[in-house]
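Everything quoted here is computed from the prediction, not taken from an experiment.
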Amino acid sequence: MKKLISAVLCAVLLLSSVSALAITRDFGMVKINEVMASNGETIDDSKGKSCDWIELWNASDDDIDLSGLNLSDGKKNLAKFTFPEGVTLAKGAYMIIFCSDYEQVETLDGGNVEIHVPFKLSADGEKVVISYQDVILDIVRFDQQTKDVSYALKDDGTWAYCDTPTPGAENKFE
Ligand SMILES: [Ca+2]
Ligand SMILES: [Ca+2]
């Protein structure tokens, strides 16, 4: 799984390093793609902790500057986390957000970025919400979750439990 982390983090480029490419702020194309509210052995963060995680997907053909985009686990406080300046999601790429109950945007050795947000996901069911300036752009509600089984977006736009979780990569159902 460590390789997978690298693959994910490589998708997150510092804004300065991609300044030659087209970068939009088309937040409508940032999709919640997969959620895991009970992570046992699926993936660790760089400190070896198995936090809950959210996977975002850039469904567009342009890199997206995420600064100003909000992420939360409910509608009451939409801005529990706001992406800072300098975090870009490459076109077609996937990004993992660790839900660790503390906020940290850390540039790791090699320039990759690891993001932790100040909330957790309840295995009894909760929501994940993306918003910008109080406008909800994407939301997923999930019910009770099983350890190491994710809740993932399918090609047809519906959501399903997935026992082959793919943090940082295209969703796969078997
Ligand atoms: Ca929560
Ligand atoms: Ca995935």
Atom of [X], atom of [Y] and distance for their closest heavy-atom approach:
X: Asp63; Y: Lys91; value: OD1-N, 2.8 Å
X: Asn58; Y: Ala90; value: ND2-O, 3.2 Å
X: Ala93; Y: Leu89; value: O-CD1, 3.9 Å
X: Phe173; Y: Cys162; value: CE2-CB, 3.6 Å
X: Ile139; Y: Lys127; value: CD1-CD, 3.8 Å
X: Lys120; Y: Ser100; value: CE-O, 4.1 Å

* Hey, could you give me each pair passing ring-ring contact (aromatic ring centres under 6.0 Å, His included) that has a residue in residues 59-93? Not counting sequence neighbours. => Phe81-Phe83

* What residue pairs, at least two apart or across chains, pass ring-ring contact (aromatic ring centres under 6.0 Å, His included) with a residue in residues 127-149? -> Phe27-Tyr132

* Asked: Between Val135 and Ile64, is there a shared hydrophobic cluster once you connect ILVMFWY residues whose side-chain heavy atoms come closer than 4.5 Å?
  -> yes

* To do: State yes or no: do Ile54 and Tyr161 share one hydrophobic cluster built from I, L, V, M, F, W and Y residues joined by side-chain heavy-atom distances below 4.5 Å, directly or via other members?
  => yes

Do [X] and [Y] touch side chain to side chain, with heavy atoms closer than 4.5 Å?
X: His116; Y: Cys51; value: yes
X: Val140; Y: Leu153; value: no
X: Phe119; Y: Leu71; value: yes
X: Val35; Y: Leu121; value: yes
X: Ile32; Y: Leu56; value: yes

Can you list every salt bridge (Lys or Arg N to Asp or Glu O under 4.0 Å) pair that touches [range], not counting sequence neighbours?
range: residues 47-58; result: Lys47-Glu106
range: residues 135-144; result: none
range: residues 68-84; result: Asp73-Lys80

* To do: For the residue pair Thr42 and Asp148, confirm or rule out a side-chain donor-acceptor distance under 3.5 Å.
  => yes

* With no hydrogens and no angle check, do the side chains of Asp156 and Thr158 hold a donor and an acceptor under 3.5 Å apart? -> yes

* Asked: Does the side-chain contact (heavy atoms from CB on, under 4.5 Å) test come out yes or no for Asp26 and Asp62, once each step is laid out?
  -> CA-CA 9 Å; Asp26 189 3; Asp62 293 303; over 6 Å; no

Exceeds 12 heavy-atom contacts within 6.0 angstrom, atom [atom1] of [X]:
X: Asp109; atom1: CG; answer: no
X: Asp101; atom1: CG; answer: yes
X: Glu170; atom1: CD; answer: no

Nearest 0.5 Å, please: how far is [atom2] in [Y] from [atom1] in [X]?
X: Asp45; Y: Ile115; atom1: CG; atom2: CD1; result: 13.0 Å
X: Glu126; Y: Cys99; atom1: CD; atom2: SG; result: 9.0 Å
X: Thr166; Y: Met36; atom1: OG1; atom2: CE; result: 9.0 Å

* **With sequence neighbours excluded, residues passing side-chain contact (heavy atoms from CB on, under 4.5 Å) with Asp124** => Ser122, Gln144

* Asked: Where do Val30 and Leu137 land on the side-chain contact (heavy atoms from CB on, under 4.5 Å) test, with the steps shown first?
  -> CA-CA 8 Å; Val30 178; Leu137 302 172; over 6 Å; no

Check: [Y] main-chain N/O paired with [X] side-chain donor or acceptor under 3.5 Å:
X: Asn171; Y: Asn33; result: yes
X: Ser72; Y: Asn77; result: yes
X: Thr164; Y: Lys172; result: yes

* To do: For the pair Ile43 and Trp53, evaluate side-chain contact (heavy atoms from CB on, under 4.5 Å) and give the outcome as yes or no after the intermediate values.
  => CA-CA 9 Å; Ile43 188 169; Trp53 52 271; 3.5 Å; yes

* Full working for side-chain contact (heavy atoms from CB on, under 4.5 Å) between Leu66 and Met95 -> CA-CA 11 Å; Leu66 297 179; Met95 175 190 285; 3.6 Å; yes

